[in-house]
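Step one of this worksheet: look at the structure below.
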Amino acid sequence: MRASAMALIPRIIAGELATFTHPFSLFCSNFRNVGYEGRRHFSSMLRIDFSSVNDIQFASFLFREMIRIRPQPSVAVFNKLLTVVIKMDCHSAALSMFDEMRASGIPLNEYTFSIIIHCYCLQNRVDIGFAILGSFFKLGYNPDVATFTTLIKGLFLDDKAVEAEKLFKKLLDHKICEPNDVMIANLTNGLCKAGSIRTACYYLELLAKMGYSANVYAYTTVIDSLWKGGMVEDALWLFRKMIVRGIFPDVITYTSMIHGLCRAGRWEDMLDLLHEMINQKLSLKAVNFNVFVNILCKKGMVKEGEDLVEIMMQQNVNPDIFTCFTLIDGYCLQGQMDRAKELLDSLADKGLKPDIFSYGSLMDGYCKGGKVNEAWHIFLEVHSKGLQHTTSTYNIMIQGLLREGRFGDGWKLFNDMEAQGVQPDLFTYNILLDGLCKAHQIDDAISLVHTMEERGVNPDTVTYDILISGLCNEGRVDLARDILNQLPSKGGSSSCETNAPDKSTWTGWSKIEQIDDESQSSIVCTARRRDPSGSASHASTQRGEKPVREWTGVSSRRAMHGASDALAQRSKRTLGGAIQEV
DNA sequence: TTAGGGTTAG
């Protein structure tokens, strides 16, 4: 049965190739019950092309059949299959197929060579790509804009941005080929990714003046890179410029630009552009709004976040679980626990299933507000909701208990966590370490650091911050100093991978070396990293926007607006001048 | 060939 069905395939392929003018379209009605390893079933009406071939075994099977059948499919069909195989990231398989095609005497064309150049570029072997380009000329083919685009892309992929730009310039200067929008988009994308945002802008302007039109992809890439590089004003300038040039922003361009304005704290501009996007009647989803709601809530502007949710609902865009999570977290950050709980409880009415992140956020809100029993109640509720606890939810709850001085309960929960097979992470150990230090169990704290190392969890700056402060508080200054002295060697050792702070990252270091033993304690305790964003791994910390819960008595709002102002100031050093010079 | 999402540690 299988053998006879398989025998049908060549006839189908050959027959359909003869019937259809489009060589890449195979009408495979008889693929039904072909029984390819019992896994392939095609609807009788299914019109497939190679893009629906998504596993390498089937692709290889088709390739072998194409090699075997007579009349043989055209090279265009082989090219199409090669492209599909490369898209599956099976580069070696594609190169083997190419070898077999050559060995079988299939007449290759320039597209085959371009596809293979592309394949080598994806393997970071742009050098071989150029070698093939040599054969290209020998065979009398003229590489087209697509081939050169592939090579430019290959150079960028291989971190050869300078060479990529040189090649582009050569093509332009010597009029070897006319750049099209795809080539320009690849050039600007590569330049931006390599950090040469100004150069990307330069080419956008130059090419526009030369009459070469860039597309929305190119403009969006540069706009996105500009604001992410702190140049929001330039991003806005380019955004307006593209419209003047008749290239209209799509939903991606709008969301990127609005995001930039949001990050820069330019709320009025952000709202203007948001309304402009809405008026464009683009197809918007919750995700297109969520990012802005998230930023507003994180900045403590929950009311504005709510307004934004209102706007999205007016557009018939329903909030999703992430929208709700964002608001819940925003309420928690402000200590509005009743509102947070109310929203969480109303999710089902909105047709949304609460997730573990929302519960985690709520628990944390309760813990930080000193309502550990409420948090514990939520913690217990999680299982009944069909959700599983994660390392993070355990961490939140353990920290809540330890901070209340409920050390026994905290450790009991840690044991439960391990018993449940939930892996402790760096957060867990730092929380436990802090608990031990606060409980004056400093020797246990030292042991815990060894334990975590043994378990493959590398201590970080937070770990040492806690431990050294703990030691100083207990009067164990010598040991604190010893540990601090060991940090540089740890950080630089390849055998011990750790992101521990090194000497230069501690502002307290030079002072510690100068002071006498009696006064060390207080000074060592003030040692902090010089650059708080330098080695932080948390995304919001990296942006210097880590929110501070209201009840800590520290307002982060002012600091954050300060950061926005700084960003705005930076953006005033505009690129406009450079752009207009072209 | 363009963007965008999550809770926790000092």
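Naming: A, B, ... by sequence-line order, numbering from 1 per chain. Computation of the quantities below employed the complete heavy-atom set of this structure, encompassing side-chain atoms and omitting hydrogens, waters and symmetry-equivalent molecules.
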Residue [X], side-chain heavy atoms: nucleotide from [options] that is nearest:
{"X": "Ile252(A)", "options": "dT7(B), dA3(B), dT1(B)", "answer": "dA3(B)"}
{"X": "Asn215(A)", "options": "dA9(B), dT1(B), dT2(B)", "answer": "dT1(B)"}
{"X": "Asn186(A)", "options": "dG6(B), dT2(B), dT1(B)", "answer": "dT1(B)"}
{"X": "Asn430(A)", "options": "dA9(B), dG10(B), dT8(B)", "answer": "dA9(B)"}

Indicate, with a heavy-atom threshold strictly under 4.0 Å, whether [X] touches base, sugar-phosphate, or nothing.
{"X": "Asp224(A)", "result": "sugar-phosphate"}
{"X": "Ile466(A)", "result": "sugar-phosphate"}
{"X": "Ser392(A)", "result": "base"}
{"X": "Lys228(A)", "result": "sugar-phosphate"}
{"X": "Asp320(A)", "result": "base"}

### Check: Asp250(A) side chain, dT2(B) base, donor-acceptor under 3.5 Å
yes
### Query
Side chain of Thr255(A), base of dA3(B): donor and acceptor closer than 3.5 Å?
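Between dA3(B) and Thr255(A), which were checked side chain against base, a qualifying N/O pair under 3.5 Å is present.
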### Query
Within the structure, does a side-chain N or O atom of Arg403(A) lie under 4.0 Å from either OP1 or OP2 of dG10(B)?
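For Arg403(A), the contact criterion (side-chain N or O under 4.0 Å from OP1 or OP2 of dG10(B)) is met.
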### Query
Hey, is the side chain of Lys368(A) poking within less than 4.0 Å of OP1 or OP2 on dA9(B), counting only N and O atoms?
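Yes, because at least one side-chain N or O of Lys368(A) sits under 4.0 Å from OP1 or OP2 of dA9(B).
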Send over the distance from [X] [atom1] to [N] [atom2], rounded to a whole Å.
{"X": "His259(A)", "N": "dT2(B)", "atom1": "NE2", "atom2": "P", "value": "18 Å"}
{"X": "Asn288(A)", "N": "dA3(B)", "atom1": "CG", "atom2": "C1'", "value": "9 Å"}
{"X": "Met242(A)", "N": "dT2(B)", "atom1": "CE", "atom2": "P", "value": "14 Å"}
{"X": "Leu157(A)", "N": "dT1(B)", "atom1": "CG", "atom2": "C1'", "value": "12 Å"}
{"X": "Leu333(A)", "N": "dT8(B)", "atom1": "CG", "atom2": "C1'", "value": "12 Å"}
{"X": "Asp364(A)", "N": "dT8(B)", "atom1": "CG", "atom2": "C1'", "value": "6 Å"}
{"X": "Asn189(A)", "N": "dA3(B)", "atom1": "CG", "atom2": "C1'", "value": "12 Å"}
{"X": "Leu261(A)", "N": "dG4(B)", "atom1": "CG", "atom2": "P", "value": "14 Å"}

### Task
Determine, answering yes or no, if Phe427(A) is stacked on dT8(B) under the 5.5 Å centre rule and the 30° plane rule.
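Base of dT8(B): stacked against Phe427(A).
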#### Entry: Pi stacking test for Tyr217(A) and dT1(B): under 5.5 Å apart, planes under 30°
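It does: the ring sits over the base of dT1(B).
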### Task
May I ask you to check whether Phe239(A) and Tyr254(A) place their ring centers less than 6.0 Å from one another?
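Yes; Tyr254(A) has its ring centre under 6.0 Å from that of Phe239(A).
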### Task
Assess the pair Phe168(A) and Phe148(A): is the distance between their ring centroids shorter than 6.0 Å?
no
### Query
Which residues satisfy the side chain to side chain contact (heavy atoms under 4.5 Å, CB included) test with Ala286(A), sequence neighbours excluded?
Asn290(A), Met312(A), Val317(A), Asp320(A), Thr323(A)
### Qualifying residue for side-chain contact (heavy atoms from CB on, under 4.5 Å) with Phe289(A), from Thr255(A), Ile258(A), Leu274(A)
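With Phe289(A) as partner, side-chain contact (heavy atoms from CB on, under 4.5 Å) holds for just one option, Leu274(A).
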### salt bridge (Lys or Arg N to Asp or Glu O under 4.0 Å) partners for Asp345(A), two or more places apart
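Testing Asp345(A) for salt bridge (Lys or Arg N to Asp or Glu O under 4.0 Å), a comparison that skips the adjacent residues, returns Lys341(A).
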### Query
Does His389(A) use its side chain to pair, donor to acceptor, with the backbone of Phe379(A) at less than 3.5 Å?
yes
